[in-house]
Protein chains: 2
Amino acid sequence: MDDGGTPVRAVRRRAGRPAAAVLDLSGITHAALELIGGKGYDGLTMAALARKLEVAPSALYNHVESKHDVLVLVEDHLMSLVDVSGFGAGPWEDAVRTWAWSYRDAFATHTPLIPVIAVLPVTDAPRTLAMYEVVSTGFRDAGIPEARVVPAIVALESFIFGSAYDVTAPANIFDPGNMAESTPGFTAAVRSFGDEQHERPADVAFGLGLEALIAGIGALRE
Amino acid sequence: MDDGGTPVRAVRRRAGRPAAAVLDLSGITHAALELIGGKGYDGLTMAALARKLEVAPSALYNHVESKHDVLVLVEDHLMSLVDVSGFGAGPWEDAVRTWAWSYRDAFATHTPLIPVIAVLPVTDAPRTLAMYEVVSTGFRDAGIPEARVVPAIVALESFIFGSAYDVTAPANIFDPGNMAESTPGFTAAVRSFGDEQHERPADVAFGLGLEALIAGIGALRE
DNA sequence: TCACTAAATGAATGCCGTTCATTTATTATC
DNA sequence: GATAATAAATGAACGGCATTCATTTAGTGA
């Protein structure tokens with residue numbers, strides 16, 4: 001596997017503008033995704049990105065203003081993996097389920113992007129905006145009062161972001177260890193949950209919360 | 001305001017163990033909170049922390065293993081601000097409301113801790129564990145089946161964490177800007193929401209989602 | 001008394017994102 | 001067609017970051 005550790009070019013490119021541009025936003029995005037796939041977000045550094053693209057680190061700054069821009073590129077790419085196909089093609093509840101599960105799954109392996117998305121003006125991410133257009137239209141057409149569409153989506157997204165973290169939590173996160181005696185109620189609850197689970201714990205919690213949100217928001221329809 | 005920029009000590013302490021210990025975990029925690037209060041999490045560096053405590057940066061490593069440990073100290077301190085007083089003192093729904101709103105508020109100004117909490121084994125944070133004990137007992141006593149207590153809490157927490165980010169989002173985050181024409185459904189929804197809001201937008205979304213979760217989880221009682 | 005441990009200093013390390021002067025090629029203008 | 005402006009690369013440098021380590025000094029237990 002190419003870890004981006006060693007440049008493959010035989011000869012160094014000499015200074016100055018090359019005949020054909022080496023870099024573009026799409027190439028930067030995909031190189032970033034490869035680095036993340038290999039070593040996670042720790043592996044995504046401007047130096048490693050430059051190495052993988054066989055340029056000097058400073059060359060990247062002709063195309064992005066900062067590393068934050070790179071994260072936005074990756075975020076907007078991932079957003080195109082979110083499945084909005086259910087809206088307008090069946091019951092609203094099913095569309096929301098498909099959307100929410102695919103949204104959580106897309107970002108569960110990209111949690112470092114969550115702080116970026118959560119406060120990112122939609123203008124900066126065209127595919128993200130396109131996703132909102134489909135979803136908000138789907139909510140309106142399902143009968144959600146227009147003034148409630150945005151808060152309903154925000155509530156669902158907040159739940160999705162938090163749940164994406166949960167997927168990455170270690171299996172023993174709730175093991176009270178040697179504190180078990182002083183926390184009998186919690187310890188019993190953790191045991192009882194562990195005993196009867198078939199699905200992944202994170203999936204049980206996500207399913208439970210999602211169905212509650214769908215029911216509560218669905219009740220707003222008129 | 002003390003920004004921790006300049007050490008106040010007149011004379012340098014000479015090398016070697018001092019007669020009385022200068023540092024302890026509580027002092028480190030409170031100095032960290034002061035730094036965060038002043039300049040946010042960008043201001044929380046090991047060097048700034050050392051400056052505020054009037055020690056060399058390396059001295060901190062006699063008390064914590066890494067900066068991550070400092071974040072855990074802060075996290076566990078904040079968890080004691082979460083209001084669990086409602087459990088056992090009135091209706092379950094009211095207890096959950098009090099708990100959830102105070103939990104979200106405690107971490108809305110500390111979102112960089114969320115990636116830390118979300119994957120932190122409870123053993124490492126005694127106050128966090130104590131909070132779970134009260135909440136899980138409250139859920140069980142309210143009639144939530146024992147095997148559902150943990151996923152119910154996890155679902156609520158996921159929503160709370162995501163919502164904490166939402167509080168910090170810029171006011172114009174949903175302004176579609178010059179893309180408004182291509183996203184008419186979303187643009188109309190954003191307008192309609194903006195027109196009639198009285199509360200803070202983040203509070204409307206949080207209230208909506210929280211009531212849905214309370215209703216859905218409450219329906220599990222037997 | 002003496003070894004061991006705890007807690008401080010201060011110097012050094014390697015990595016990080018970013019900036020800037022410089023070089024070269026393309027594009028736009030007269 | 002010359003010339004100016006712009007775009008895209010290199011390579012050297014910067015300050016800041018968390019962390020490590022040798023060293024010094026003081027308290028502690030055998």
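Everything numeric in this text was worked out from a predicted model, so none of it was measured. Naming convention: chains lettered A, B, ... in sequence-line order (proteins, then strands); numbering from 1 in each chain.
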Look at the side chain of [X] and decide which nucleotide, out of [options], has an atom nearest to it.
{"X": "Val55(B)", "options": "dT19(D), dT10(D), dT9(C)", "value": "dT9(C)"}
{"X": "His63(A)", "options": "dT9(C), dA8(D), dT10(D)", "value": "dA8(D)"}
{"X": "Ser58(A)", "options": "dT19(D), dT18(C), dT10(D)", "value": "dT10(D)"}
{"X": "Leu23(A)", "options": "dC20(C), dT9(C), dA9(D)", "value": "dA9(D)"}
{"X": "Lys67(A)", "options": "dT10(D), dT18(C), dA18(D)", "value": "dT18(C)"}
{"X": "Tyr61(B)", "options": "dT18(C), dC16(C), dA18(D)", "value": "dA18(D)"}
{"X": "Met46(B)", "options": "dA9(D), dA18(D), dA8(C)", "value": "dA18(D)"}
{"X": "Ser66(B)", "options": "dT19(D), dC16(C), dA9(D)", "value": "dT19(D)"}

Is the phosphate of dA9(D) approached by Arg13(A) (side-chain N or O, under 4.0 Å from OP1 or OP2)?
no

Rounded off to whole Å, could you give me the [atom1]-to-[atom2] distance for the [X] and [N] pair?
{"X": "Ile28(A)", "N": "dG17(C)", "atom1": "CD1", "atom2": "P", "result": "14 Å"}
{"X": "Leu44(B)", "N": "dG16(D)", "atom1": "CG", "atom2": "C1'", "result": "14 Å"}
{"X": "Leu60(A)", "N": "dT10(D)", "atom1": "CG", "atom2": "P", "result": "9 Å"}
{"X": "Arg51(A)", "N": "dC15(C)", "atom1": "CZ", "atom2": "C1'", "result": "11 Å"}
{"X": "Asp42(A)", "N": "dG17(C)", "atom1": "CG", "atom2": "C1'", "result": "15 Å"}
{"X": "Leu49(B)", "N": "dG16(D)", "atom1": "CG", "atom2": "C1'", "result": "16 Å"}
{"X": "Asn62(B)", "N": "dG10(C)", "atom1": "CG", "atom2": "C1'", "result": "14 Å"}

Side-chain donor-acceptor pair under 3.5 Å between Thr128(B) and Asp76(B), yes or no?
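A donor-acceptor contact under 3.5 Å links the two side chains.
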
Does a donor on one side chain sit under 3.5 Å from an acceptor on the other, for Tyr165(A) and Glu157(B)?
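No - no donor-acceptor pair under 3.5 Å links their side chains.
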
Tell me, yes or no, whether the heavy-atom count around Arg191(A) atom CZ, taken from other residues, nucleotides or ligands under 6.0 Å, exceeds 12.
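No, the 6.0 Å shell around CZ holds no more than 12 heavy atoms from other groups.
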
Arg148(B) atom CZ, over 12 foreign heavy atoms within 6.0 Å
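Atom CZ in Arg148(B) is not packed in, count stays at 12 or less.
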
Residue closer to the 5' end of DNA chain C, Glu65(A) versus Thr45(A) (nearest nucleotide):
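With Thr45(A) and Glu65(A) compared, the 5'-side residue is Thr45(A).
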
Main-chain N/O of Leu73(B) paired with His77(B) side-chain donor or acceptor, under 3.5 Å:
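No, because the side chain of His77(B) does not come within donor-acceptor range (under 3.5 Å) of the backbone of Leu73(B).
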
